[in-house]
Amino acid sequence: MRSKWGRRFFVAGGVWLVLIGLVHSLSLIEKQVPANDTERQLLELMSNYRFDLMGSMRSMEELFRGFSVSFVLAALVVGALDLVLSREREGLLKRVALLNVIWLAGMTAVGLRYFFVLPTSVLVIALILFVVAWFRLPAEETS
């Protein structure tokens with residue numbers, strides 16, 4: 001029974017990561033609309049002011065979009081990998097769950113420092129799902 005619930009939490013974590021990636025990808029479609037003149041000026045500078053990054057001229061908007069796309073890909077790929085592995089033996093799932101916990105703990109720490117409450121809470125939910133999966137999955141037996 002214990003491993004059954006561990007596997008369920010592992011699958012729920014994988015599904016949650018895929019959902020995070022899909023929802024976050026929606027932010028890549030819609031262009032940000034300024035609410036006032038200050039925001040208009042800020043968005044203008046973020047889009048058009050370019051600076052040299054090791055010989056490559058980039059704007060802050062390009063950097064922001066690149067990191068955003070990277071986050072979408074990370075969530076989708078790790079979530080999909082979790083779902084693909086979800087039918088494997090419990091010992092493997094336990095190790096993969098631990099890797100997810102480490103990654104998501106780091107992401108949550110970044111979120112606490114640099115994000116606002118919604119994305120941070122979404123990361124915390126994913127972290128909790130994999131922590132519970134890790135606790136509920138039995139350790140691999142050695143022969």
Side-chain angles (χ1 to χ4, degrees), residues 1-140:
M1 185 70 164
R2 181 182 142 136
S3 66
K4 181 177 169 182
W5 278 102
R7 191 177 295 271
R8 286 179 180 172
F9 276 100
F10 187 89
V11 170
V15 169
W16 188 253
L17 287 176
V18 170
L19 286 174
I20 289 172
L22 292 174
V23 169
H24 190 73
S25 70
L26 296 175
S27 70
L28 303 173
I29 298 169
E30 196 170 306
K31 187 140 175 91
Q32 195 168 3
V33 179
N36 55 46
D37 287 337
T38 304
E39 284 185 18
R40 188 173 290 106
Q41 182 182 15
L42 177 63
L43 292 174
E44 165 73 22
L45 287 170
M46 284 184 66
S47 299
N48 297 321
Y49 180 75
R50 296 184 172 280
F51 46 95
D52 187 4
L53 287 173
M54 301 178 70
S56 181
M57 299 301 286
R58 295 285 183 251
S59 69
M60 192 59 71
E61 180 185 41
E62 290 169 329
L63 289 174
F64 186 76
R65 180 160 302 268
F67 285 121
S68 192
V69 169
S70 296
F71 177 77
V72 167
L73 289 174
L76 288 174
V77 169
V78 173
L81 182 63
D82 290 336
L83 294 175
V84 166
L85 293 175
S86 67
R87 294 191 182 265
E88 296 294 327
R89 66 188 190 283
E90 282 98 1
L92 176 62
L93 294 185
K94 188 169 183 89
R95 289 185 300 207
V96 174
L98 180 60
L99 284 174
N100 280 317
V101 166
I102 293 167
W103 171 61
L104 288 164
M107 293 295 291
T108 299
V110 169
L112 288 169
R113 173 64 175 96
Y114 295 106
F115 300 155
F116 53 99
V117 70
L118 182 63
T120 304
S121 60
V122 167
L123 289 169
V124 167
I125 291 169
L127 176 61
I128 290 168
L129 288 169
F130 283 106
V131 166
V132 173
W134 185 79
F135 276 116
R136 300 292 296 202
L137 286 164
E140 199 159 30

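What you are looking at is a predicted structure, and each value in this text was computed from that prediction instead of being measured.
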- From the list L81, D82, L76, side chain to side chain contact (heavy atoms under 4.5 Å, CB included) with V78 holds only for D82

May I ask you to decide if [Y]'s main-chain N or O and [X]'s side chain share a donor-acceptor pair within less than 3.5 Å?
X   : Y   : answer
E39 : A35 : yes
S59 : N48 : no
S47 : E44 : no

Return the [atom1] to [atom2] distance between [X] and [Y], rounded to the nearest 0.5 Å.
X    : Y    : atom1 : atom2 : value
N36  : R40  : CG    : CZ    : 7.5 Å
T108 : F115 : OG1   : CZ    : 10.0 Å
L98  : F135 : CG    : CZ    : 10.0 Å
R50  : L45  : CZ    : CG    : 13.0 Å
T120 : Y114 : OG1   : OH    : 12.5 Å
K4   : R136 : NZ    : CZ    : 11.5 Å

Counting C-beta onward and ignoring hydrogens, is there a side-chain heavy-atom pair between [X] and [Y] closer than 4.5 Å?
X    : Y    : result
P138 : K94  : no
V132 : W5   : no
F10  : L129 : no
M107 : F71  : yes
V131 : W134 : no
L92  : R95  : yes

Looking at every heavy atom in both [X] and [Y], which two are closest together, and how far apart are they?
X    : Y    : result
M57  : E62  : O-OE1, 4.1 Å
G55  : D52  : N-OD1, 2.7 Å
V11  : L83  : O-CD2, 3.7 Å
L137 : E90  : CD2-CG, 3.8 Å
L127 : V101 : CD1-O, 3.5 Å
R7   : L93  : NH1-CD1, 3.4 Å

- Message: Using the rule given for side-chain contact (heavy atoms from CB on, under 4.5 Å), can you reason through M60 versus F51, listing the C-alpha separation, both sets of side-chain angles and the distance that settles it, and then say yes or no?
- Response: CA-CA 9 Å; M60 192 59 71; F51 46 95; 3.9 Å; yes

- Query: What do the steps show when you test H24 against S68 for side-chain contact (heavy atoms from CB on, under 4.5 Å), and what is the final call?
  - Reply: CA-CA 8 Å; H24 190 73; S68 192; 2.8 Å; yes

- Test side-chain contact (heavy atoms from CB on, under 4.5 Å) on L17 and L104 and set out the steps. CA-CA 10 Å; L17 287 176; L104 288 164; 4.1 Å; yes

